[in-house]
Amino acid sequence: MKAAANVRIIPAKQQVVDGKPQFKRLNVAAYCRVSTEQEEQQNSYENQIEYYTNYISSNPEWTLAGIFADEGISGTQTKNRTEFNRMIRMCKKKKIDLVLCKSTSRFSRNTVDCLDHIRLLKSLGIGVIFEKENINTLTAQSEFILSLYSSFAQAESESISKNITLGNQMAFKEGKVRYNYKYLLGYKKGADGKPVIIPEEAEVIQLIFKLYIDGGSTHTIAQELNNKKYPTRSKSGKWSAMLIKRILQNEKYIGDCLLQKTYTIDCISHKAVKNNGERPMYYVSDCHPAIIDKTTFNIVQQEITRRNAKRSVCTNTFTEQGRYNSKYALTELLICGECGTAYRRCRWTSHNRNRTVWRCINRLEHGPKYCKSPTIDEEPLHNAIVRAINEFYNCSDDVANILKSAADAVLSGSNDNEIKQIEQRLKDIDQARNDFVNLIATGACAPDSLDDEFARLYSEEEKLSQKLLSLKAQANTESNGLSDEIKADIDRSNLQLEKYDDILVRKVVECVKILSKDEISITFKGGHEIKSELQT
């Protein structure tokens with residue numbers, strides 16, 4: 001029979017200070033969270049902090065390691081909960097021994113997150129006490145109970161999220177628009193809660209649309225705005241090509257709103273994705289003042305589509321059109337008459353002399369075997385285009401007469417809106433007077449009961465009639481004086497185009513075709529074609 005092992009117990013050492021046993025005090029922290037910034041939750045937030053500060057400080061065996069509190073933060077994920085993450089970091093550094101929390105829903109509304117963090121703290125020997133559920137995570141049965149409670153909390157969040165989504169959709173159907181003024185350049189919240197235009201910022205928006213229509217790219221427009229230090233509401237404070245594109249495609253600048261452009265996948269990840277038809281969208285027209293007219297906006301959308309449709313030059317295809325280039329108008333207008341490929345601007349250097357020429361991309365990349373088109377110097381090409389534009393417009397007499405007629409038309413209608421409003425009001429007064437007479441005639445009311453109303457209508461009618469005569473006389477005088485002045489300016493002006501201009505060429509020219517080394521063909525928008533010689 002085997003002899004029993006001889007075991008000797010070595011007792012733990014007990015720290016003694018001044019003849020008294022010394023116990024280690026626990027470093028105890030508390031975590032608090034409220035999900036909104038509403039007044040009732042604000043009170044709960046402050047009460048939680050005050051309660052745990054007093055509760056921990058009153059226990060002689062505990063040392064306050066900190067109160068960690070996230071205000072107005074969702075509990076479905078930990079990414080944005082800065083105080084929660086700071087507490088976990090301190091736990092990893094062994095600066096906290098115990099964590100107190102009001103309930104599992106305050107700690108986390110995500111079952112996976114909750115259990116992962118509880119297990120992490122448990123592996124570090126750190127417990128979490130949930131007061132409402134009476135759970136201590138260091139006990140054996142705590143994880144099962146905790147998983148149930150955290151699942152309930154997550155389910156509650158999912159239910160709330162669905163209710164909010166349904167509420168938003170009902171609001172969308174009714175055309176109720178919520179504006180994010182923080183990033184919406186050009187508008188601010190008015191006294192009535194509706195958007196009000198900020199004139200200085202609206203000018204920047206209008207400038208962006210003008211520059212784009214004139215041929216500028218989103219990149220060059222952003223550079224120009226940065227150079228001139230125009231204000232922006234982006235987080236970086238700088239203009240970028242992406243920001244310019246978003247402004248150009250934002251329907252809010254024409255007074256409309258497209259609702260539910262994006263949607264949130266679920267309440268746990270909070271990830272917003274673009275709505276490509278998975279959810280209904282709602283378009284609300286004329287819901288606030290417009291900065292850009294709809295015609296200009298539509299022109300810009302067509303131009304964006306046209307530029308996006310242009311593809312990069314491909315070495316495998318010999319007639320491919322190049323991508324859009326905002327620097328030179330001829331990059332997309334100048335084509336080869338032989339193979340139909342676009343021309344490219346090149347810089348040649350010979351005998352220390354720089355020479356700017358345009359050459360067919362097909363010939364440039366593949367040689368004369370595929371295209372024998374000529375190389376054209378830039379200066380004579382520009383001069384030929386200028387001559388064609390002047391010939392097309394035949395500027396001096398015809399255009400001057402058109403401008404003079406336009407000046408008369410515009411000036412004669414300078415007070416038209418106000419005059420029309422007064423004339424309409426006078427008609428309304430006359431109709432109201434007739435209605436009152438009919439009431440008296442049918443016996444619906446006594447004749448003397450409407451004396452005050454007749455007097456008020458008569459007084460308003462007299463004032464409006466005098467104002468109408470004054471406005472018509474003023475409009476006639478101003479129109480005559482300004483019209484004469486403008487016509488004189490037109491007569492003094494030289495309406496001939498003197499030098500090549502990329503912006504003008506983009507606006508009036510459809511295509512420039514190289515016919516030979518001595519001749520080009522310019523097709524204007526509208527279909528009119530003029531041939532012009534290349535003079536060296």
Is the backbone of [Y] close enough, under 3.5 Å, to the side chain of [X] for a donor and an acceptor to pair up by distance?
X: Glu461; Y: Ile429; result: no
X: Arg355; Y: Glu378; result: no
X: Gln48; Y: Ala69; result: no
X: Asp502; Y: Ala329; result: yes
X: Lys525; Y: Arg506; result: yes
X: Asp256; Y: Asp286; result: yes
X: Asn250; Y: Arg246; result: no
X: Arg33; Y: Arg106; result: yes
X: Glu251; Y: Leu258; result: yes
X: Glu83; Y: Phe68; result: no

- Would you kindly check if the NZ (Lys) or CZ (Arg) of Arg345 is within the cone defined by 45 degrees around the ring axis of Tyr328 and under 6.0 Å from the six-membered ring centre?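 Here Arg345 passes the 6.0 Å and 45° test against Tyr328.
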So for atom [atom1], which belongs to [X], do other residues, nucleotides or ligands contribute more than 12 heavy atoms lying within a distance under 6.0 Å?
X: Arg347; atom1: CZ; answer: yes
X: Glu533; atom1: CD; answer: no
X: Lys194; atom1: NZ; answer: no
X: Glu379; atom1: CD; answer: no

Are side-chain N/O atoms of [X] and [Y] paired as donor and acceptor at under 3.5 Å?
X: Asp293; Y: Thr296; value: yes
X: Asn298; Y: Gln302; value: no
X: Arg363; Y: Ser373; value: no

Approximate separation, where rounding is to 0.5 Å, of [X] [atom1] and [Y] [atom2]:
X: Ile520; Y: Leu334; atom1: CD1; atom2: CG; value: 7.5 Å
X: Tyr181; Y: Ile198; atom1: OH; atom2: CD1; value: 10.0 Å
X: Ile385; Y: Leu504; atom1: CD1; atom2: CG; value: 11.0 Å
X: Cys32; Y: Ile67; atom1: SG; atom2: CD1; value: 6.0 Å
X: Ile254; Y: Ile292; atom1: CD1; atom2: CD1; value: 10.0 Å

- Query: How about Phe392 and Phe524: are their ring centroids closer than 6.0 Å?
  - Reply: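 Yes, ring centres under 6.0 Å apart.
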Search all heavy atoms of [X] against all heavy atoms of [Y] and return the closest pair with its distance.
X: Lys517; Y: Pro374; result: N-CG, 3.7 Å
X: Ile247; Y: Tyr253; result: O-CD1, 3.6 Å
X: Pro289; Y: Tyr187; result: O-OH, 2.6 Å
X: Gly337; Y: Lys513; result: CA-CG, 3.6 Å
X: Leu185; Y: Thr232; result: CD1-CA, 4.4 Å
X: Lys531; Y: Leu515; result: CE-CD1, 4.0 Å

- Side chains of Leu243 and Thr218: closer than 4.5 Å at any heavy-atom pair?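 No, too far: nothing below the 4.5 Å cut-off.
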- Message: Could you check whether Arg344 pairs with Glu365 (Lys NZ or Arg NE/NH1/NH2 to Asp/Glu carboxylate O, under 4.0 Å)?
- Response: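 A salt bridge links Arg344 with Glu365.
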- Message: Any salt bridge linking Glu224 with Lys228? Criterion: basic side-chain nitrogen under 4.0 Å from a carboxylate oxygen.
- Response: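 Result for this pair is yes, salt bridge flagged.
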- Item | Chi angles and distances behind the side chain to side chain contact (heavy atoms under 4.5 Å, CB included) call for Tyr343, Ile514 | CA-CA 9 Å; Tyr343 264 60; Ile514 302 297; 3.7 Å; yes
- Message: Just to verify, what does Tyr283 make a ring-ring contact (aromatic ring centres under 6.0 Å, His included) with, not counting sequence neighbours?
- Response: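 Listed in chain order: nothing, the list is empty.
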- Message: If you apply the rule side chain to side chain contact (heavy atoms under 4.5 Å, CB included), what do you find for Asp501 with Val386, and how did you get there?
- Response: CA-CA 9 Å; Asp501 181 84; Val386 169; over 6 Å; no
- Query: Could you go step by step and tell me if Arg233 and Glu201 meet the salt bridge (Lys or Arg N to Asp or Glu O under 4.0 Å) rule?
  - Reply: CA-CA 10 Å; Arg233 296 203 188 164; Glu201 294 183 358; 2.8 Å; yes
- Message: With side-chain hydrogen bond (donor to acceptor under 3.5 Å, both in side chains) as the criterion, how do Asn227 and Gln223 come out once you've worked through the C-alpha distance, each side chain's angles and the decisive distance to 0.1 Å?
- Response: CA-CA 6 Å; Asn227 292 338; Gln223 280 186 325; over 6 Å; no
- Carefully, step by step, assess Leu534 and Ile376 under the rule side chain to side chain contact (heavy atoms under 4.5 Å, CB included). CA-CA 9 Å; Leu534 293 167; Ile376 308 297; 3.8 Å; yes
- Please list, chain by chain and in numerical order, all residues satisfying side-chain hydrogen bond (donor to acceptor under 3.5 Å, both in side chains) with Thr523, sequence neighbours excluded.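 Residues passing side-chain hydrogen bond (donor to acceptor under 3.5 Å, both in side chains) with Thr523: none at all.
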- Message: Would you call the rings of Tyr500 and His382 parallel, tilted or perpendicular, taking 30° and 60° as the class edges?
- Response: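 Parallel, since the angle between the ring planes stays under 30°.
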- Would you please classify the geometry between the Phe297 ring and the Phe209 ring as parallel, tilted or perpendicular, with 30° and 60° separating the classes?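 Rings of Phe209 and Phe297: tilted, 30 to 60°.
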